[in-house]
Every structure is written in C-alpha cells, then in structure tokens.
Amino acid sequence: MLISREMNDAINGQIGREFGASLQYVNIATYFDSQDLPKLAGLFYKQAEEEREHAMKFVKYLVDTGAEVHIPPVDAPKSSFVSAEEALELSVKWEMDVTRYINGLMDLALDQRDYATQEFLGWFVTEQVEEVSSMERLLNVIRRAGDHNLLMIEAYISHL
Ligand code: FEO
C-alpha cells in the first residue's frame, strides 16, 4: 500500500462527504424543480453529478494506491427548504466544510511527506476555490434579486 493507514481512513471519510454533498445537491435540485425553476434545478443536478465524480476520484485513488475502500454511512440530506436563499446558504456552508476537510487531508499528506497524495489533492484544492466562489456568487445574486424575482435568476443562469 502506497499510503498510510491513517491517510486511507481519512480518505474513506472524505468519500462519504463527497457522496453526502451529491445527495444534498440532488435534494436542492428537486426543491428548485418543485418551485418551477428548471435552470436552478439543472445547475444543482449537474453539481450533484460533479460531487459523485469527486467521490469516485477518491475511490480510484485508493484502488490505485493499493488501499482499502470502506464507504462510511452517509447522513440523510436536508430535504425541505423555505427559500432559495436558505438552499444556497446550505450549499456555501457545505463547500466551506469540504474545503476545510480537503485542507485537513493536505495537512496530513504534508506531515507524512506523502508526495503522491499531495499531488493528487492539488486538483481538489483548486476545485474548492472554484466551488466556494461560484456558490457564494449565486447566493449573492439570489439575495439581491429576492425570493419574488427568482425568474431573473433563471435568466441569469442561462447566460452563465
Ligand atoms: Fe466535492 Fe463541492 O466539493
């Protein structure tokens, strides 16, 4: 095995969080679908797919390094929202939390002089900057538009 047992366990935990993010974004997408906001829904269905891809990148890394894949239980995602703003606030919080965990994995890789994992995690460090920034931007425009003007947000997303 090319990585430590501790790193193996930590990455298994992250696989659970990436799948958790995917499930949470499916629920946010269905909330927007229920509000007849297909562009917002589509954006979150796509985000859910991306989170699944993140989880699978970690799975493949464990397989490639001869480590063990143990996917942990994933908490049920929140399934009801009172507003678009609440859904986006949760998304920003998710991305901030995931960023902290990715940084924690990088701290461990640095402590252990695990160069392969440092290199692998570099992609996620960059990705998190993009994900936090795009969720914060969407939260800001939703706040500016207000819950009664979400059709403007649909038009905005069409031009992204
Ligand atoms: Fe996989 Fe949005 O973090």
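The residues of the chain are indexed from 1 along the displayed sequence. Whatever order the structure lists ligands and atoms in, that order sets their numbers, starting from 1. As a basis for the values below, the full set of heavy atoms in this structure was taken, side chains included, without hydrogen atoms, waters or symmetry mates.
- Of all protein atoms, those that are N, O or S and lie under 2.8 Å from atom 2 (Fe) of ligand 1 total 4.
- Side-chain atoms of Glu51 and Ser22 include no donor-acceptor pair closer than 3.5 Å.
- With a 6.0 Å radius and a threshold of 12 heavy atoms from other residues, nucleotides or ligands, Met1 has its CE atom above the threshold.
- Of the charged side-chain nitrogens involved, at least one lies within less than 4.0 Å of a carboxylate oxygen, so that Glu50 and Lys46 count as a salt-bridged pair.
- Taking the six-membered ring for Trp and the full ring otherwise, Phe58 and Phe120 have centroids separated by under 6.0 Å.
- Checking Thr30 against Tyr45 by side-chain atom types alone, no donor-acceptor pair falls below 3.5 Å.
- Between Lys78 and Glu86, at least one side-chain nitrogen of the basic residue sits less than 4.0 Å from a carboxylate oxygen of the acidic one, meeting the salt-bridge criterion.
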